[in-house]
Amino acid sequence: MTDWQDQLNSLEEMGLLRRLRTVTSAQGSHVEIDGRRVLLLCSNNYLGLATHPQVIEAARGATARFGAGSGGSRLISGSMSCHRQLEEALAAFKGSERALLFNSGYAANSGILQGLFEDGDLIFSDALNHASIIDGCRLSKARTVVYPHGDAAALAALMALEAPRRSGRWLIVSDGVFSMDGDLAPLPELVRLKERYDALLMVDDAHGTGVLGAGGRGSGEQLGCLEDIDLHMGTLGKALGGAGAYLAGPAAAIELLINRARSFIFSTSLPPGVPAAALAALEIVAGEEGAHLRQRLAENRTRFVAGLRQGGLTVAEHPSPIVPIITGEPEPTMAASDRLLAEGYFVQGIRPPTVPDGRCRLRATLMAVHQRADLDGAAQAVVRAVRGADR
Ligand SMILES: *Cc1c(COP(=O)(O)O)cnc(C)c1O
């Protein structure tokens with residue numbers, strides 16, 4: 001007991017202690033937090049679908065018809081028609097043979113890598129990949145080689161180095177959109193490398209699905225190489241506004257995961273309302289309304305970033321709704337975040353171990369349902385908070 005308290009104390013001294021904040025309203029453009037209404041600038045509900053009437057109605061209808069829970073894992077009694085329908089829709093959406101649902105993105109990445117790769121295989125993993133990919137690499141018996149973030153030339157050199165003693169399967173795995181920086185993976189270069197070395201390519205498009213590409217099919221569609229990706233992982237809890245995750249890919253990979261992925265096998269399947277809501281969200285994403293929402297989101301990003309730049313802040317150029325404002329050390333970062341909250345803007349500060357030491361940041365995310373005037377005020381407030389924290 002006591003040493004747990006010591007650990008907490010030392011986290012607090014380093015400015016790294018994390019605490020939960022409770023939202024007491026629906027997840028809209030604004031939320032109520034600590035009894036106050038604030039502009040929400042740290043949600044992954046990019047298109048606002050978490051509160052879309054059709055999505056809520058789908059969840060309600062399936063819950064009323066099929067119950068609040070599935071009562072079992074997929075391999076026992078918990079594989080229901082709503083799971084199958086969503087899997088078929090996701091496979092079609094990504095242009096894959098089959099798809100398989102997981103209970104979360106974390107469960108998906110850990111199960112996919114553990115289930116499909118084994119001793120003798122080699123995984124090349126981007127240095128800034130999501131923690132769930134890192135843990136999936138640890139759970140698989142394959143060896144992992146980490147390549148410098150987004151650096152296809154460095155990856156090519158590492159692959160050339162490994163090639164003479166190759167034994168098993170090779171995989172390149174990358175986030176499509178990197179969650180803390182918002183930049184995109186160099187997918188066309190990764191495709192060339194996977195072809196040159198007869199490797200597989202897996203893309204985690206948690207932040208790209210629904211948001212990027214003309215049809216919302218993600219970073220692969222945006223960069224013109226959707227059909228070259230072998231394993232499409234994505235989540236349902238971000239732009240799709242619900243919960244859960246999937247892998248879309250070859251039928252044999254899906255069948256093997258049903259037999260081997262521990263996070264899939266040993267866990268109660270998603271409640272019926274969850275896949276039903278995701279199916280409704282997917283229909284919106286793939287239709288005209290989705291295109292309209294993506295347009296609004298892109299306009300909001302442009303507007304907000306322009307405001308930050310007018311205030312003298314440096315913001316990287318990329319098409320994702322994730323806008324990091326690098327602040328360096330934990331204390332000024334959290335001071336800026338607290339000051340913003342006091343002014344009515346909820347922008348999360350991000351610290352190690354989520355980001356490397358010295359790379360703390362305010363991580364703002366845009367939503368399609370934000371209003372322009374609100375974003376102008378928010379940009380000015382961020383500039384003031386960051387400047388104030390400098391001094
Ligand atoms: C959020 C995220 C995950 C985890 O997904 P959950 O459904 O929230 O568990 C995985 N990968 C990336 C890149 C993410 O951003």
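The basis for the numbers below is simple: all heavy atoms, side chains too, and nothing from hydrogens, waters or symmetry mates. All figures in this text were calculated on a predicted structure; none of them were measured in a lab.
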Original post:
Under 30°, 30 to 60°, or over 60°: which ring-plane class applies to Trp170 and Tyr197, parallel, tilted or perpendicular?
Top reply: tilted
May I ask you to decide whether [X] forms a salt bridge with [Y], counting only side-chain N to carboxylate O separations under 4.0 Å?
X      : Y      : value
Glu195 : Arg192 : no
Glu331 : Arg351 : no
Glu343 : Arg384 : yes
Glu289 : Arg296 : no

Can you tell me if [X] and [Y] form a side-chain donor-acceptor pair at under 3.5 Å?
X      : Y      : value
Gln7   : Asp3   : no
Ser174 : Asp126 : no
Ser140 : Gln114 : no

Subject >> Option among Asp204, Thr235, Asn129 that satisfies the side chain to side chain donor-acceptor pair (under 3.5 Å) test with Asn109 >> reply: Asp204
Original post:
Under a single-linkage definition using a 4.5 Å side-chain heavy-atom cutoff for Ile, Leu, Val, Met, Phe, Trp and Tyr, are Leu200 and Leu247 assigned to the same hydrophobic cluster?
Top reply: yes
Subject >> Verdict with supporting geometry, Tyr246 and Ser96, side-chain hydrogen bond (donor to acceptor under 3.5 Å, both in side chains) >> reply: CA-CA 12 Å; Tyr246 60 88; Ser96 298; over 6 Å; no
Original post:
Under 3.5 Å, is there a donor-acceptor pair between the side chain of Asp135 and the main chain of Ser110?
Top reply: no
Subject >> Intermediate values then yes/no, side-chain hydrogen bond (donor to acceptor under 3.5 Å, both in side chains), Thr354 and Arg359 >> reply: CA-CA 10 Å; Thr354 310; Arg359 300 283 295 164; over 6 Å; no
Subject >> Ring centers of His207, Phe178 separated by less than 6.0 Å >> reply: no
